[in-house]
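Since the structure comes first, as structure tokens, the remarks are kept for the end.
A note on names: the letters A, B, ... follow the listed sequences, proteins ahead of strands, and every chain is numbered from 1.
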Protein chains: 2
Amino acid sequence: MVDVGRRRWTPSVVRVDQVDHGSYVPVYQQLVAIMKKRIESGEFPPGRLIPSEKTLQQEYGVGRDTVRRVVEILREEGLIFTVPHRGSYVAER
Amino acid sequence: MVDVGRRRWTPSVVRVDQVDHGSYVPVYQQLVAIMKKRIESGEFPPGRLIPSEKTLQQEYGVGRDTVRRVVEILREEGLIFTVPHRGSYVAER
DNA sequence: CCCTATTTGTTCGTATGTATT
DNA sequence: AAATACATACGAACAAATAGG
């Protein structure tokens, strides 16, 4: 449970396994957090392909712009590496 | 473009045109002037693609809003023409 | 060799939010 | 109020590389 901020009503705390379009926190930042969790949880071990951009778009109901930004950030932080036209793999350790 | 001298092997010129965010002149107007100069100098001859919006954003450290306005002005003045999903080309003169 | 599907790369189109001057 | 400017976010179109049959 993480406080992602909200606009009008309560919880003030929500699950972060889905994106909240009404949050003050940008969608791409929420998705970065989600993907980090999925990677660190071991769901995607080192060497494993993460879902394609298209899959991620559908899974989270976000645009490609957003997904590509998320992937770019994960890559910059060294969590994954991308092979053009093949996909993005989880980096070692 | 300014002669910075002190170099045997040419370019002999270096781009010093950068946007001044502290100026009273709006950033978009500064960038319009810069791009006009780049086009008229022959850096981008007729038929040549000018840098993409994203590239321009990065090169000059400005927002997309600003870049799009610049491109729109150059287009209205007939210096370039834009092909959707391809880019903007320098017009024949 | 060819055809097709998948996937990332790149670009412009459009709209909204936020802040500052 | 209006202009300026950056950030976020969704679409759409097409290219190019890859893999498989």
Any non-hydrogen side-chain atom of Asp17(A) less than 4.5 Å from a side-chain atom of Ile34(A)?
no
ask   = Taking only side-chain nitrogens and oxygens of Ser52(B), does any of them come within less than 4.0 Å of OP1 or OP2 of dT11(C)?
value = yes
Rounded to whole Å, the CD1-P distance (Ile50(A) to dT7(C)) equals 12 Å
Atom CD of Glu53(A) and atom C1' of dG9(C) are separated, to the nearest Å, by 9 Å
Sort me out a list of protein N/O and nucleotides 3-6 of chain D N/O pairs below 3.5 Å, or just none if empty.
residue, atom, partner, partner atom, Å
dT4(D), OP1, Tyr28(B), OH, 3.0
dT4(D), OP2, Arg69(B), NH2, 3.4
dT4(D), O5', Arg69(B), NH2, 3.4
dA5(D), OP1, Val27(B), N, 2.2
dA5(D), OP2, Tyr28(B), N, 3.3
dA5(D), N7, Asp65(B), OD2, 3.3
dC6(D), OP2, Gly63(B), N, 2.8
dC6(D), OP2, Thr66(B), OG1, 2.3
dC6(D), O5', Gly63(B), N, 3.3
dC6(D), N4, Asp65(B), OD2, 3.3

Whole-Å distance, Glu72(B) CD to dG13(C) C1', equals 12 Å
note: Arg86(B), atom CZ; dA12(D), atom C1'; distance rounded to Å ~ 13 Å
Taken to the nearest whole Å, CZ/Arg75(B) to C1'/dC12(C) is 9 Å
Discussion item. Any salt bridge linking Glu76(B) with Arg69(B)? Criterion: basic side-chain nitrogen under 4.0 Å from a carboxylate oxygen.
Written reply: no
Ranking His85(B) and Pro84(A) by the position along DNA chain D of their nearest nucleotide, the one closer to 5' is His85(B)
Taken to the nearest whole Å, CZ/Arg68(A) to C1'/dG11(D) is 15 Å
Going by chain and number, the hydrophobic cluster around Val83(B) (ILVMFWY, side chain to side chain under 4.5 Å) further includes Leu49(B), Phe81(B), Tyr89(B)
Of Lys54(B) and Lys54(A), the one whose nearest nucleotide on DNA chain C sits closer to the 5' end is Lys54(A)
Taken to the nearest whole Å, CG/Leu49(B) to C1'/dA15(D) is 14 Å
In whole angstroms, the gap separating P of dA9(D) from OH of Tyr24(A) amounts to 15 Å
Kindly say whether Arg68(B) contributes a backbone atom to a donor-acceptor pair with the side chain of Glu53(B) at under 3.5 angstrom? no
Applying side-chain hydrogen bond (donor to acceptor under 3.5 Å, both in side chains) to Glu40(B) and not counting sequence neighbours gives none
Applying salt bridge (charged side-chain N to carboxylate O under 4.0 Å, His left out) to Glu72(B) and not counting sequence neighbours gives none
By salt bridge (charged side-chain N to carboxylate O under 4.0 Å, His left out), Arg75(B) pairs with (sequence neighbours left out) none
Q.
Less than 4.0 angstrom from a charged side-chain N to a carboxylate O is my criterion; do Lys36(A) and Glu77(A) meet it?
A. yes
One would report the end-axis bend of the helix from dC2(C)-dG21(D) to dT21(C)-dA2(D), five pairs per end and rounded to 10 degrees, as 0°
Contact check, side chains of Met35(A) and Ile80(A), non-hydrogen atoms, under 4.5 Å: no
